[in-house]
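Scroll down for the structure; my scribbles are underneath it.
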Amino acid sequence: MRIGYAAGAFDLFHIGHLNILRRAKEQCDVLIAGVVSDEMLREVKGIEPMVPTQERADIVAAIRYVDAVHVEHVPDKLDVWKEVGFTHFFKGDDWRGTERGDRLERRFATVGVEVVYFPYTVQTSSTRLRAALDALTLSAAPSATG
């Protein structure tokens, strides 16, 4: 049985998120979506999520491609594997060939987990959406002199 795991913040859910979940489900019998907790986003990425953990988990759980959701509270994906027990780990191809991607592949190979990459959705990203929201918020803020 192929148990897939696709992890992400899934903050400001967009087509790139949907694409990775759809493609992941096509390649496994069971798909578990990992939703990175607010605490881990702050610690690991240094960002404040726009949507709280439980709401993001509820949104992802409602996607038809997802069989289960696991909220991540530890930064190490090998520790997550010990908690969940997946056979395939799905990631955007922006990690392929990078130092951290190679390290992830080596670590997972020691426990028999295959890392599968999918095309990264360049035109839509949570980072770009967050920047656009920040710009709108700044332009809507009342001026300090007025």
(request) Quick one: pull up CG in Asp29 and CD1 in Ile3 and give me the separation to the nearest 0.5 Å. (result) 8.5 Å

(request) Return the set of residues passing ring-ring contact (aromatic ring centres under 6.0 Å, His included) with Phe118 (not counting sequence neighbours), or none when no residue passes. (result) Phe90

(message) Are Glu105 and Tyr117 packed together at the side-chain level, in the sense that at least one heavy-atom pair is separated by less than 4.5 angstrom?
(response) yes

(message) Is there a side-chain contact between Val115 and Arg96 in this structure, where contact means two heavy atoms from C-beta onward sitting under 4.5 Å apart?
(response) no

(request) Quick one: sort the Phe86 and Tyr5 rings into parallel, tilted or perpendicular, breaks at 30° and 60°. (result) parallel

(message) What verdict does the side-chain contact (heavy atoms from CB on, under 4.5 Å) test give for Glu48 and Asp38, after you've listed the backbone C-alpha separation in whole Å, the side-chain angles of each residue and the deciding distance to 0.1 Å?
(response) CA-CA 7 Å; Glu48 186 64 33; Asp38 294 348; 5.8 Å; no

(request) Please report the shortest heavy-atom distance between Ala9 and Leu41, naming the atom on each side. (result) CB-CD2, 3.6 Å

(message) Taking Arg103 first and then Glu99, would you say they form a salt bridge - that is, a charged N and a carboxylate O separated by under 4.0 Å?
(response) yes

(message) Can you tell me how far apart CG (Leu31) and CZ (Arg2) are? Round to the nearest 0.5 Å.
(response) 12.0 Å

(message) Return the CG to OG1 distance between Asp58 and Thr53, rounded to the nearest 0.5 Å.
(response) 10.5 Å

(request) Would you mind reporting whether His88 and Gln27 have side-chain heavy atoms less than 4.5 Å apart? (result) no

(message) Distance check, rounded to the nearest 0.5 Å: Arg100 atom CZ versus Lys91 atom NZ?
(response) 7.0 Å

(message) Do Arg56 and Asp11 have side chains that approach each other closer than 4.5 Å (heavy atoms only, starting at C-beta)?
(response) yes

(message) Please tell me whether Val113 and Val84 are part of a single hydrophobic cluster in this structure, the criterion being side-chain heavy atoms less than 4.5 Å apart.
(response) yes

(message) Less than 4.5 Å apart, side chain to side chain, heavy atoms only: is that true for Met1 and Cys28?
(response) no

(message) As a quick check of understanding, evaluate side-chain contact (heavy atoms from CB on, under 4.5 Å) for Phe108 and Lys77, giving each step before the final call.
(response) CA-CA 9 Å; Phe108 274 145; Lys77 296 301 183 207; 3.7 Å; yes

(request) Take Leu104 and Phe89 through the test side-chain contact (heavy atoms from CB on, under 4.5 Å) and record every step on the way to the result. (result) CA-CA 10 Å; Leu104 183 73; Phe89 183 81; 3.5 Å; yes

(request) Compare every heavy atom of His70 with every heavy atom of Glu83, then report the nearest pair and how far apart it is. (result) OE1-NE2, 2.9 Å

(request) Locate the shortest heavy-atom distance separating Gly92 from Ile20; write the atom from each residue and the value. (result) N-CD1, 3.8 Å

(message) I'd like to check Ser37 versus Glu72 (side-chain heavy atoms, cut-off strictly below 4.5 Å). Are they in contact?
(response) no

(message) Is there a path of hydrophobic side-chain contacts, each under 4.5 Å between heavy atoms, that joins Val80 and Val111?
(response) yes

(request) For residues Phe13 and Leu21, determine if any side-chain heavy atom of one lies less than 4.5 Å from a side-chain heavy atom of the other. (result) yes

(message) Once salt bridge (charged side-chain N to carboxylate O under 4.0 Å, His left out) is applied, do any residues pair with Lys25, and if so which ones, sequence neighbours excluded?
(response) Asp67

(message) If you define the side chain from C-beta out and look only at heavy atoms, does anything of Asp76 sit under 4.5 Å from Arg107?
(response) yes

(message) Is there a side-chain contact (heavy atoms from CB on, under 4.5 Å) between Ile59 and Phe10? Walk through the geometry before answering.
(response) CA-CA 9 Å; Ile59 290 166; Phe10 298 109; over 6 Å; no

